[in-house]
**Q** 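The structure's right below; bear with me while I get my questions together.
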Amino acid sequence: MSRIQLQGLTRRFGAVTAVDDIGLDVADGEFLVLLGPSGCGKSTLLRMIAGLLPPSEGRLWLDDTEITHLPPQRRDVAMVFQSYALYPHLSVARNIGFPLRTRKRPRAEIKAKVAEVAATLGLTDLLDRKPRELSGGQRQRVALGRALVRDPGAFLMDEPLSNLDAKLRAGTRAEIAGLHRRLRATTVYVTHDQVEAMTMATRIALLNEGRLEQLGTPSEVYDAPASVFAATFLGSPAMNVVDTTVRAVDGTLVAEAEGLRLSLGIDADIPDRPVRLGVRPEHLTLTSAGGQGIRAVVTAVENLGSEEVAHCDTGVSVRGPRPLGVVPGEAVTLSARPEHLHLFDHDSGRRLAWQAASVPQPV
Ligand SMILES: Nc1ncnc2c1ncn2[C@@H]1O[C@H](COP(=O)(O)OP(=O)(O)OP(=O)(O)O)[C@@H](O)[C@H]1O
Ligand SMILES: [Mg+2]
């Protein structure tokens, strides 16, 4: 069991700053997901924690031991990669037991430990097979087993499910989450898949261009995104974000733009202010044309099975139970409750903490 602390961690490759001054405190037993778009620095950060890449600046601790300059084999962490990297000529049992053999553990101990790990991962019946005789999901479980067998203080995983098809991915995702619930081992897990992040993480660290954009539980990041970037990264379709002007009308704030007027439900008197207004597709409701809200024309309707998404000419989309009851070409008005409106600073894109009768501040 381990706590991982990062302080000012930075990694440059020539002129590129891949990881930029990241501080994180991963609590013992946490499942921290590093999430972000391709190239944002996730793997670079994980490789620094593993000891596979020296940081340009910053320091790292595992529990109370500074590990900044410790080689990978002396860090009590096990890494699982996207490609399983199993030994093709070795059986499942020997693949799983490999880290113990290199550590010269007694045979009986290796046998017992491999059996225990195989049982945990549902691999008991496959121990004599070679990797080529396994499905992708089974191979990934063997790779997990090889990490588990060492009883490391922490697991580091870099997109371990990205080579699996959708169905296997969902199944293995649930297995890893279940394993974590049972073992409570500190895990840092890299993905660019928002569903994996939302379903598996105790906390999400959202990265953008090497910097930490937001750190919070999945609900916190989804319900109160810290920036336009965070707001539009999580959620499908992405949160609608519209440039508006917020002004006081008869002592109440409203957001306005061409064809848009939404009440913020806040009593205040402030000078007009440009604000980027966000609302998730599932928080918009279709009302009869002509009322207050966002006026738009439906351009396409997507059938997702249980739900439908209507895309509109203004770039705004609405998501709800199927059927939504609209057709392309139809003029609609979309409304949203004030508590579902997110406000972002027009220039910085940071979330605004908006309190009644006060000037809004970025948070
Ligand atoms: N060895 C390297 N030499 C030069 N640049 C590198 C090296 N490794 C990574 N980079 C650069 O650092 C940045 C971050 O890369 P990294 O692999 O950490 O991204 P990532 O978030 O893991 O992306 P992906 O989701 O595509 O795996 C990228 O701009 C990448 O090109
Ligand atoms: Mg990567």
Side-chain angles (χ1 to χ4, degrees), residues 4-24 26 30-60 67-69 71-72 75 77-86 136 139-140 143-144 147 154-166 168-170 172-173 176 186-201 203-216 218 221 225-236 238 349:
I4 303 169
Q5 293 174 81
L6 322 182
Q7 195 184 79
L9 218 56
T10 298
R11 174 68 204 203
R12 286 181 281 270
F13 295 105
V16 177
T17 304
V19 169
D20 193 356
D21 191 20
I22 293 214
L24 272 177
V26 189
E30 244 198 285
F31 196 109
L32 183 87
V33 169
L34 300 177
L35 177 70
S38 184
C40 72
K42 306 179 295 293
S43 297
T44 303
L45 183 56
L46 198 74
R47 289 163 60 79
M48 287 194 282
I49 300 174
L52 301 170
L53 196 67
S56 307
E57 277 167 47
R59 300 167 73 186
L60 275 156
I67 57 167
T68 313
H69 303 293
R75 301 183 182 199
V77 298
M79 184 131 172
V80 183
F81 295 96
Q82 169 178 9
S83 56
Y84 336 110
L86 301 177
R139 280 181 219 170
Q140 193 52 273
L144 273 174
F155 290 98
L156 308 177
M157 303 194 193
D158 195 349
E159 310 227 17
L161 307 185
S162 59
N163 280 340
L164 307 180
D165 67 39
L168 259 179
R169 194 181 305 185
T172 317
R173 189 173 77 209
I176 293 179
T186 311
T187 305
V188 181
Y189 184 102
V190 164
T191 187
H192 61 261
D193 182 319
Q194 50 164 309
V195 178
E196 281 178 30
M198 289 299 293
T199 55
M200 299 170 95
R203 282 192 303 166
I204 293 173
L206 182 63
L207 303 186
N208 178 21
E209 295 182 346
R211 284 185 296 276
L212 186 60
E213 185 83 16
Q214 186 168 10
L215 176 68
V221 178
S227 61
V228 169
F229 175 86
T232 51
F233 191 81
L234 277 172
S236 174

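Just so it is clear, the structure is predicted and the values come from calculations on it, not from any experiment. Atoms within each ligand, like the ligands themselves, are counted from 1 in listed order.
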**Q** Between the side chains of Asp193 and Arg169, is the shortest nitrogen-to-carboxylate-oxygen separation below 4.0 Å, so that they form an ion pair?
**A**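 Yes.
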
**Q** Please report which non-hydrogen protein atom sits nearest to atom 23 (O) of ligand 1, along with the residue it belongs to and the distance in Å to one decimal place.
**A** Gly39 N, 2.8 Å

**Q** For atom 6 (C) of ligand 1, is the nearest protein heavy atom under 4.0 Å away?
**A**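 Neighbour list for atom 6 (C) of ligand 1 includes protein heavy atoms (cut-off 4.0 Å).
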
**Q** Which heavy atom of the protein is the closest neighbour of atom 25 (O) of ligand 1, given with residue, atom name and distance?
**A**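 So the nearest neighbour among protein heavy atoms is Lys42 NZ, 2.8 Å.
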
**Q** Can you tell me which residue and heavy atom of the protein come closest to atom 9 (C) of ligand 1, and the distance to 0.1 Å?
**A**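 Result for atom 9 (C) of ligand 1: Phe13 CE1, 3.5 Å.
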
**Q** Could you enumerate the protein N, O or S atoms under 2.8 Å from the Mg ion (ligand 2), written like residue then atom name?
**A**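 Protein N/O/S atoms under 2.8 Å of the Mg ion (ligand 2): Ser43 OG.
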
**Q** Do me a favour and list the nearest non-hydrogen protein atom to atom 15 (O) of ligand 1 with residue, atom name and distance?
**A**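 Nearest neighbour among protein heavy atoms for atom 15 (O) of ligand 1, to 0.1 Å: Thr44 OG1, 3.7 Å.
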
**Q** Any idea which protein heavy atom is nearest atom 12 (O) of ligand 1, and the distance to it?
**A** Ala18 CB, 3.2 Å

**Q** For atom 26 (O) of ligand 1, what's the nearest protein heavy-atom neighbour? Residue, atom name and distance, please.
**A** Ser38 OG, 2.5 Å

**Q** Among the heavy atoms of Glu159, does any lie under 4.0 Å from an atom of ligand 1?
**A** yes

**Q** Give yes or no for whether the N/O distance cutoff of 3.5 Å, strictly under, is met between Gly41 and ligand 1.
**A**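 N/O-N/O distance under 3.5 Å: yes.
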
**Q** Looking only at protein heavy atoms, identify the closest one to atom 27 (O) of ligand 1 and say how far it is in Å.
**A** Ser43 OG, 4.0 Å

